[in-house]
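Just so it is clear: chains get the letters A, B, ... in the order the sequence lines come, proteins before strands, and each one is counted from 1. Excluded from the calculations below are hydrogen atoms, water molecules and symmetry mates; all remaining heavy atoms, backbone and side chain alike, are included.
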Amino acid sequence: MKEEFNIISNLIEENTRVLDVGCGNGDLMKFLQENKTKDIRGLEISKEKVQNCLSKGLTVIEGNAESDLKQFAKSSFDYVILSQTLQAFLNPEVVINELLKVGKKVIVTIPNFGYWRVRLQLLFKGTMPVTENLPHEWYNTPNLHMCTIKDFYNFCSTKNIKIFKSIALKKSRISEINESNLNYKNLDSHLGIFLIES
Amino acid sequence: MNKNIDTKKIIISNPLKLDCGKEINNFPIAYETYGELNSEKSNAILVFHALTGDQYVSGKNPITNKDGWWSYVVGKNKPIDTNKFFVICANVIGGCMGSYGPSTINESTGKQIGTDFPIITINDMVNAQYELIKYLEIEKLFAVIGGSMGGMQVLQFVANFPDKAKLAIPIACTSSHSAQNIAFNELGRQAIMADSKWENGFYSNYKLNPDKGLAVARMAAHITYLSEKGLQEKFGRKLQDRDSLRYGFEADFQIESYLRYQGSVFVDRFDANSYLYITRAMDYFDLSKQYKENLSDAFKKTKTKFFVISFTSDWLYPTSENREIVIALNSIGADVGFVEIESDKGHDSFLLDVPSFLKTLGDYINSTYKVINERRI
């Protein structure tokens, strides 16, 4: 978690306007508030988590990213963050488009389904992968659209979405992803972090 | 009713131009305060009351001898802690607890003003209360807070005075009174006006009071403050002090008895004309219309932080209507938080012991107070 927060924080310029979509209990918001910018909002679907955030004094709105991002004006945030929730949406493509509308830049992090530990489970055990990062069983997972780093990379190029920066994370090791090392990073990283723009 | 109680009161000498076109001056505003104003005057919270509320937010209400209407929220060690905050609440104009209203005595005739009182609006109420804030010499309030009609006043206050409050918390309210809400209010008004003792609003001249009409108005309204589930769970078909039906029109059911009781205690503390005037003010409330059908424009000039709260079982001011306020604020990039609190207690949830509401509200106010003060330093 901490590494992911650090990477995200390093992608953000100081004193900018940030929206954290699917902000959970507001840990990332707090982290960014202490390190980068005071001007940060959150959107979260769970009532309980929204109440937790508000109790901490964080500005959070209860809502669903798939229907409630529309209400924000175009380019009204410098950065919109979607941390490890893209795979849980009914229609990730629609959400990405909404994020790109609301934010001048968008930071998306994805748990990598192409990580070798994940691949091995399916290959050798023949069961749906359960890992530290993806702890759910197939029957109770909130993740509807798992993807790999390579999938997201290809998605961006097909949809003409500019990738400013793409970072691979393995445990606490950070590396850049590029065209030439894509296959390797896709195998060897548990998390991908992308800074994109429409 | 306007009994001779010792209310804190100021007389506003500045003329106030009302929306109806009339002008009033030298009129009283009754208010109450709790806690102490700090030396920087940075801890003041203005609370707006709802339709049948009054200035007695906390402690004992000297008229009813019951707890103040927001005792769960305001008081020592409560979510709005009066050890820390200076809380102000004024009786709205049109009310009957000492502020200028239809039961105010007209000095020249020695009689109550009755329905000669001008039609007032939420905007007029807020403008009148602003005079009190000026009188108290508070340059900037820490917060303006209110539920139901109190929430409407919060919205109007920020629209009228964009730099006078750091934080605004409208609860269980709307930016525009719906047809359903107007319909219920009209039902209440018709009940009062159908009472032969109403005498076109001049009942006090005849030493009469339209108690029956006012009680029916209250009973009908009271149903709208509860939820179907809440009613069913609390009363179901339980009988009142009897084992079987009596085959008559007495209050066989507990719910009937409960509503009759609510109606009867209400008439002892509330003026029928005030009920007419205040419900009318609510019906006339349409903040978007004031801003050429663009609600966002009402908040364009403000940097005030907003926190909007609704309740799942509130069908009088449903979440969808509260959300419209949030959407209007978001579309202009205003600083707004929002949560819908889970509760079976209907619209009345904001007045009752709903722990997740009280906790979220209290924590939010306290942490925001801290953040805002830190920023200033």
Within the 6.0 Å centroid threshold, strictly below: B:His347 and B:Tyr317: yes
B:Asn160 versus B:Gln156, side-chain donor and acceptor atoms under 3.5 Å: yes
Residues 63-73 of chain A: residues contacting chain B (heavy atom under 4.5 Å, by number): A:Gly63, A:Asp68, A:Gln71, A:Phe72, A:Ala73
Note: A:Arg17-A:Asp78 ion pair, threshold 4.0 Å (strictly below): no
Residue part contacting chain B, namely of A:Leu58, when any heavy atom lies under 4.5 Å: backbone
Output field: ring centroids B:Phe306/B:Phe338 closer than 6.0 Å: no
Any A:Ser76 side-chain heavy atom under 4.5 Å of A:Val102 side chain: yes
Contacts of residues 187-198 of chain A with chain B (heavy atom under 4.5 Å): none
Members of residues 323-334 of chain B whose heavy atoms come closer than 4.5 Å to chain A: B:Arg323, B:Val326, B:Ile327, B:Asn330, B:Ser331, B:Gly333, B:Ala334
Plane angle bin for B:His49 and B:Trp69 - parallel if under 30°, tilted between 30 and 60°, otherwise perpendicular: perpendicular
Distance under 6.0 Å and angle within 45° of ring axis: B:Lys84 vs B:Tyr369: no
Identified side-chain contact (heavy atoms from CB on, under 4.5 Å) counterpart of B:Val57 within the set B:Val73, B:Asp67, B:Val74: B:Val74
Audit row: B:Glu233, B:Lys229, salt bridge (charged side-chain N to carboxylate O under 4.0 Å, His left out) steps and yes/no: CA-CA 6 Å; B:Glu233 276 174 7; B:Lys229 189 169 180 231; 3.7 Å; yes
Pair A:Glu62, A:Gln51: side-chain N/O donor-acceptor within cut-off below 3.5 Å: no
N/O donor-acceptor pair under 3.5 Å between B:Asn43 side chain and B:Leu37 backbone: no
Side chain, backbone, both or neither of B:Thr312 within contact of chain A (heavy atoms, under 4.5 Å): side chain
Basic-acidic side-chain contact under 4.0 Å: B:Asp297, B:Lys300: yes
Residue part contacting chain A, namely of B:Phe307, when any heavy atom lies under 4.5 Å: side chain
Results of side-chain hydrogen bond (donor to acceptor under 3.5 Å, both in side chains) for B:Lys164 - residues two or more places apart only: B:Glu139
Evaluation steps, salt bridge (charged side-chain N to carboxylate O under 4.0 Å, His left out), between B:Asp81 and B:Lys78: CA-CA 5 Å; B:Asp81 188 349; B:Lys78 298 282 172 67; over 6 Å; no
